[in-house]
Amino acid sequence: MSANPKLTRHLSTDNPRVLVVDGSRVVRRLIEQTLKAHLPGVSVLACETGAEALAQLGTGVVDFVTTALRLPDMDGLELARQIRGNSPQAYMPIVAVSGDVQERLVSRALSEDVTDYFDKSLGFQALAEFIRGYVQPTESTSGEVLYVEDSRVVAVATRRMLEKHGLTVLHVISVEDALAMLETAQTMNRIGADIVLTDVNLKGALTGGDLLERIRRQLGYGKGHLPVIVMTGDDNPENQAALLRAGANDLVEKPIEERLLVTKLLFQLRVARNLRARADRETA
C-alpha cells in the first residue's frame with residue numbers, strides 16, 4: 001500500500017465506506033444487506049480473504065473494517081496487525097466479529113491492533129448499530145483531557161475548542177508536569193485522565209515521544225486504558241508510523257483542524273470507556 005500522509009486527515013462522512021472481511025459468502029451478504037438497511041449511503045466492500053482486504057485498502061480510504069477472527073488465509077488478528085503496520089490511515093476502527101469473543105477475552109488472546117470485539121450472537125442488526133456509533137459519532141461528550149502544549153497561544157485556542165464540546169482540559173506545559181500528574185494519580189489507584197493529547201516538540205528535556213513511551217512502558221497503560229493522540233507538524237509517513245508503533249492511538253497533523261481533532265478525541269474516548277467497562281465487568 002502506498003504511503004500517503006493525507007490519509008491521516010480523513011474524516012468519516014455521511015457516506016461511510018465499510019470493509020467487511022469474512023470467509024463466508026452468506027455472512028458477507030447478510031452484513032452488507034443489514035448495513036445498507038441501517039446506514040443509508042454506506043458503501044460495503046466485501047472480501048473473502050485477508051489478502052483481498054489488504055489489496056482493497058490500497059485503493060482508497062476506508063472508514064471502518066470488520067473482520068472475522070478466522071479467515072481462509074490468515075487469522076483476523078494478523079490481518080489487523082498488517083493493516084496497522086502498512087496503512088498510513090491511522091484513524092481506522094478495526095472490529096473483530098466472532099462467535100468466540102468471550103473465549104478470546106477469557107484467554108486474553110487479544111490484540112491492541114483491534115479497536116473492539118463484537119459478539120456475532122448479538123445479531124447483524126446490533127452490529128449495524130455498533131458500526132453506526134463509530135462512523136457517525138455524537139458531537140459532544142464528557143471526559144478529562146490531559147493536554148501537553150508549551151505554546152500559550154495554541155493552548156488557549158485548543159482548550160476553548162475542546163471545552164466547547166463538553167470536555168474538561170487539564171493543561172500542562174511540559175512532559176515532566178504531565179508525568180508527575182499521572183504518577184501521582186497512579187499512587188491513588190487512578191489513571192489521572194481519560195485521554196492524553198500532546199505535541200511532539202516541547203520545551204524541556206522530554207518530548208511528546210518520550211511521554212508516549214513512559215505512559216506505555218513505565219506506567220504500563222495500554223492503548224485501551226489511556227489513549228494518546230499526538231499532534232505533529234511532521235508529515236513524513238515513516239516518522240508518523242514510528243509514533244503509531246510506539247503506542248500512539250492516533251495522530252493529528254498541524255495546523256489543527258477543529259472537526260478532525262474533536263472527532264478523533266471523541267472516538268478514542270468512546271473506545272476506551274467501552275474497554276474499561278468491559279474490564280470492570282470481567283473482574284466484578
Side-chain angles (χ1 to χ4, degrees), residues 1-13 17 19 53-65 77-94 111-115 134-135 145-151 154-155 158 161-162 175 178 195-204 206-217 221-269 271-272:
M1 281 177 282
S2 62
N4 181 356
K6 293 300 181 184
L7 291 183
T8 61
R9 306 184 77 82
H10 174 68
L11 265 180
S12 297
T13 67
R17 286 162 52 88
L19 178 64
L54 292 170
Q56 185 66 252
L57 285 167
T59 66
V61 170
V62 170
D63 297 283
F64 191 96
V65 176
L77 301 185
E78 171 61 19
L79 172 61
R81 187 190 68 78
Q82 291 197 38
I83 291 174
R84 296 296 185 205
N86 293 290
S87 174
Q89 186 185 343
Y91 183 54
M92 184 196 298
I94 303 175
S111 166
E112 288 200 333
D113 296 316
V114 173
T115 305
Y134 284 97
V135 299
V145 181
L146 177 54
Y147 176 40
V148 191
E149 172 59 66
D150 55 16
S151 167
V154 173
T158 304
M161 181 191 307
L162 300 183
V175 170
I195 190 167
V196 174
L197 175 65
T198 183
D199 198 350
V200 173
N201 299 313
L202 297 159
K203 297 174 183 176
L206 301 177
T207 68
D210 295 322
L211 174 60
L212 181 60
E213 181 179 9
R214 297 197 183 193
I215 286 174
R216 298 290 179 243
R217 297 188 180 183
Y221 294 133
K223 291 182 180 180
H225 291 89
L226 183 57
V228 179
I229 293 181
V230 178
M231 300 178 293
T232 176
D234 185 354
D235 63 1
N236 184 305
E238 293 183 2
N239 294 339
Q240 292 184 352
L243 289 169
L244 294 171
R245 286 195 300 269
N249 290 63
D250 208 341
L251 309 175
V252 179
E253 293 179 25
K254 291 183 171 182
I256 301 299
E257 298 174 5
E258 178 175 348
R259 181 170 176 249
L260 182 71
L261 174 60
V262 171
T263 298
K264 292 192 175 195
L265 277 169
L266 298 188
F267 168 70
Q268 295 296 342
L269 280 169
V271 171

| said: How close do Gly208 and Val175 get, counting heavy atoms only, and between which atoms? | reply: N-CG2, 4.2 Å
| Looking at residues at least two apart in the chain, or sitting in another chain, which of them share a side chain to side chain contact (heavy atoms under 4.5 Å, CB included) with Asp234? | Thr232, Asn236, Asn239
| Going by heavy atoms in the side chains, are Ile229 and Ile195 under 4.5 Å from each other? | yes
| Residues Lys264, Asp250: salt bridge by 4.0 Å N-O rule | yes
| task | Could you tell me which residues satisfy side chain to side chain contact (heavy atoms under 4.5 Å, CB included) with Thr158, sequence neighbours excluded, listed by chain and number? | result | Tyr147, Val154, Leu162, Leu197, Leu261
| Under the side chain to side chain contact (heavy atoms under 4.5 Å, CB included) test, which residues partner Glu213, sequence neighbours left out? | Arg217
| field | Distance, nearest 0.5 Å, that separates CE of Met231 from OG1 of Thr198 | value | 6.5 Å
| remark: What one should report as the nearest heavy-atom pair of Asp113 and Ile94 is O-CD1, 3.9 Å
| query | Do Thr115 and Phe267 touch side chain to side chain, with heavy atoms closer than 4.5 Å? | reply | yes
| Do Thr59 side-chain atoms and Gln56 backbone N/O form a donor-acceptor pair below 3.5 Å? | yes
| said: Looking at Ser151, is its backbone amide N or carbonyl O close enough to the side chain of Glu149 to form a donor-acceptor pair, meaning the two atoms are under 3.5 Å apart? | reply: yes
| Check: Phe64 main-chain N/O paired with Arg17 side-chain donor or acceptor under 3.5 Å | no
| message | Working to the nearest 0.5 angstrom, can you tell me the gap between His225 NE2 and Arg216 CZ? | response | 10.5 Å
| query | Taking all non-hydrogen atoms of both residues, which atom of Leu260 and which atom of Val252 are closest, and how far apart? | reply | CD2-CG1, 4.3 Å
| request: Taking all heavy atoms of Lys203 and all of Asp150, pick out the closest pair and write down the distance. | output: N-OD2, 2.6 Å
| task | Using salt bridge (Lys or Arg N to Asp or Glu O under 4.0 Å) as the criterion, list what pairs up with Asp199, not counting sequence neighbours. | result | Lys254
| message | Is there a side-chain contact between Val200 and Val230 in this structure, where contact means two heavy atoms from C-beta onward sitting under 4.5 Å apart? | response | yes
| said: In the structure I gave you, are the side-chain heavy atoms of Leu79 and Leu54 within less than 4.5 Å of one another anywhere? | reply: yes
| request: Please report the closest heavy-atom contact between Leu212 and Leu243, naming both atoms and the distance. | output: CD2-O, 3.5 Å
| query | For Arg214, what residues pass the side-chain hydrogen bond (donor to acceptor under 3.5 Å, both in side chains) criterion, not counting sequence neighbours? | reply | none
| message | If you compare all heavy atoms of Ala272 against all heavy atoms of Pro227, which two are closest, and at what distance to 0.1 Å? | response | CB-CG, 3.6 Å
| Looking at residues at least two apart in the chain, or sitting in another chain, which of them share a side chain to side chain contact (heavy atoms under 4.5 Å, CB included) with Thr207? | Asp210
| remark: One should read off an interatomic distance between Leu265 CG and Leu269 CG, to the nearest 0.5 angstrom, of 6.5 Å
| said: Between Arg84 and Arg245, is there a side-chain heavy-atom distance shorter than 4.5 Å? | reply: no
